[in-house]
2 protein chains.
Amino acid sequence: MAAMQVFWARGYDAASTRDLLAAMQISRSSLYQAFGNKEQLFLEALGRYRTGLVERLQRRLDEAPTALAFFEALYRDTAREAESERAALGCLIFNSATELGQRGDRPAREASLSVEVITGLFHQAVERGQAEGDIAAHRDARALALYLTLGMAGLRAMLKAGTAATEAEQAAELVLATLR
Amino acid sequence: MAAMQVFWARGYDAASTRDLLAAMQISRSSLYQAFGNKEQLFLEALGRYRTGLVERLQRRLDEAPTALAFFEALYRDTAREAESERAALGCLIFNSATELGQRGDRPAREASLSVEVITGLFHQAVERGQAEGDIAAHRDARALALYLTLGMAGLRAMLKAGTAATEAEQAAELVLATLR
DNA sequence: CCAAATCCGGAACGAACGGTCCAGATATGG
DNA sequence: CCATATCTGGACCGTTCGTTCCGGATTTGG
């Protein structure tokens with residue numbers, strides 16, 4: 001969905017309906033007939049983003065030799081995005097969660113829920129890693145999952161702030177160090 | 001400055017000049033005479049925020065028994081803010097850096113610079129901690145400083161996403177574990 | 001005490017916002 | 001082939017945006 005890209009690049013509030021129309025290549029009336037309003041279009045876009053991201057992460061996790069290797073690849077690949085256009089976009093979920101904060105409306109709640117979904121996936125990955133013996137078993141799996149979500153949110157924030165690739169990679173490496 | 005609070009709570013774009021006038025209790029013409037425009041008012045507010053924050057952090061660092069104790073108190077106090085109104089506000093610097101991203105204009109550049117200033121303060125604190133022997137000396141000080149800034153940005157993002165206090169504290173504790 | 005300089009409330013500007021609406025284009029099906 | 005149903009381009013709505021501007025209030029200084 002093209003609307004996703006617009007919300008991703010500009011944020012919920014700053015994405016105007018005119019931006020959305022231009023990207024989706026449809027007319028105003030079609031948008032309102034098909035989605036009701038801007039809020040529902042955003043919810044649809046965020047839902048699709050989350051579904052796609054979870055699918056991709058789950059596949060990478062399933063295909064990874066170890067859960068630790070999964071986290072290492074995820075963090076290193078993300079850090080290496082530094083200084084690219086892709087890095088400036090960030091992640092729609094973290095972007096939305098920080099923009100909408102505790103606003104209390106549906107978009108805000110859905111963004112928070114999406115962060116929790118990511119943490120849930122990380123939790124499952126950590127448990128696998130602890131069973132495999134690659135991830136320190138003496139630490140609480142849920143706490144590690146929260147820590148890894150925090151790390152990703154922080155890394156994405158640093159990339160948005162313009163941190164250089166080498167520095168992002170060094171910081172990411174230190175996040176990973178806690179797993180061992 | 002009252003304008004700071006408005007930018008802090010609502011973000012740069014979402015803070016309307018009418019919001020700002022109401023908070024500052026001045027008239028429209030006074031604002032434009034005194035600050036030129038909204039962008040310059042924001043730069044002023046962000047500058048004051050940064051100065052105040054750096055002063056407070058530096059004092060806490062100077063008064064802390066060890067640099068490690070400084071980081072522990074900072075992270076724990078921040079995590080404990082979870083579920084409060086204060087946590088929903090986040091930090092003006094990280095808020096601005098993530099909202100404005102790599103937009104290239106003055107506000108965006110100033111936000112990125114502010115993040116770097118925080119990292120610089122952390123760098124100095126890490127070096128003191130390594131000299132004192134409380135912080136692992138085998139790790140690069142600059143990398144640790146970047147990691148700690150990343151951790152703070154991540155923690156603030158989690159608080160905005162509505163993470164519970166107990167979970168925020170657990171995650172913060174894991175960030176601190178890397179220092180030892 | 002008055003003249004001069006400064007300040008400020010509020011009206012007004014053009015532009016952009018999210019959302020509505022209808023005439024005309026397009027597709028459907030008997 | 002035409003009647004009917006569906007879709008859509010774009011004008012338009014009221015509101016809000018950042019900014020400008022000016023007449024009148026307030027302060028200042030001699």
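When reading the values below, keep in mind they use all heavy atoms of this one structure, side chains included, and skip hydrogens, waters and symmetry mates. Per chain, numbering begins at 1; letters A, B, ... match sequence-line order.
- A salt bridge links Glu81(B) with Arg156(B): the closest approach of a Lys/Arg side-chain nitrogen to an acidic carboxylate oxygen falls below 4.0 angstrom.
- In this structure, Ala15(B) reaches the sugar-phosphate backbone alone: every heavy-atom distance under 4.0 Å involves primed, P, OP1 or OP2 atoms, never a base.
- Phosphate proximity of dC17(D) to Ser16(B): present, with a side-chain N or O under 4.0 Å from OP1 or OP2.
- To the nearest angstrom, P of dC7(C) lies 18 Å from OH of Tyr32(B).
- For the pair Lys38(B) and Phe7(B), the NZ or CZ position fails the cation-pi test of under 6.0 Å to the six-membered ring centre and within 45 degrees of the ring normal.
- We find that CG of Leu31(A) is positioned 15 Å from C1' of dC21(C), with the value rounded to whole Å.
- Rounded to an integer number of Å, the gap from CG of Leu21(A) to C1' of dA11(D) is 14 Å.
- Residue Thr17(B) has its side chain nearest to dG18(D) when only dG18(C), dT8(D), dG18(D) are considered.
- The OH atom of Tyr32(B) lies 5.0 Å from the OG1 atom of Thr17(B); values are rounded to the nearest 0.5 Å.
- Taking atom CZ of Phe35(A) as the reference point, atom P of dG19(C) lies 14 Å away to the nearest angstrom.
- Side-chain N/O atoms of Ser30(A) include one lying less than 4.0 angstrom from OP1 or OP2 on dT8(D).
- At whole-Å resolution of the value, CD in Gln33(A) and P in dT20(C) are 13 Å apart.
- Residue Ser27(A) has its side chain nearest to dG9(D) when only dG18(D), dG9(D), dT20(C) are considered.
- Of the listed nucleotides (dT20(D), dC22(C), dC17(C)), dC22(C) has the atom at the smallest distance from the side chain of Ser29(A).
- Rounded to whole angstrom, the span from the OH atom of Tyr12(A) across to the P atom of dC17(C) amounts to 14 Å.
- Rounded to an integer number of Å, the gap from Lys38(A) NZ to dC17(C) C1' is 8 Å.
- The side chain of Arg18(A) lies closest to dC17(C), out of dT20(C), dC17(D), dC17(C).
- Distance CG (Leu20(B)) to P (dC17(D)): 10 Å, rounded to an integer number of Å.
- Looking only at distances, a side-chain donor or acceptor of Glu83(B) sits under 3.5 Å from a matching main-chain atom of Ala165(B).
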Apply side-chain hydrogen bond (donor to acceptor under 3.5 Å, both in side chains) to residues Tyr147(B) and Thr178(B) and explain how you reach the verdict. CA-CA 9 Å; Tyr147(B) 166 80; Thr178(B) 306; 2.8 Å; yes

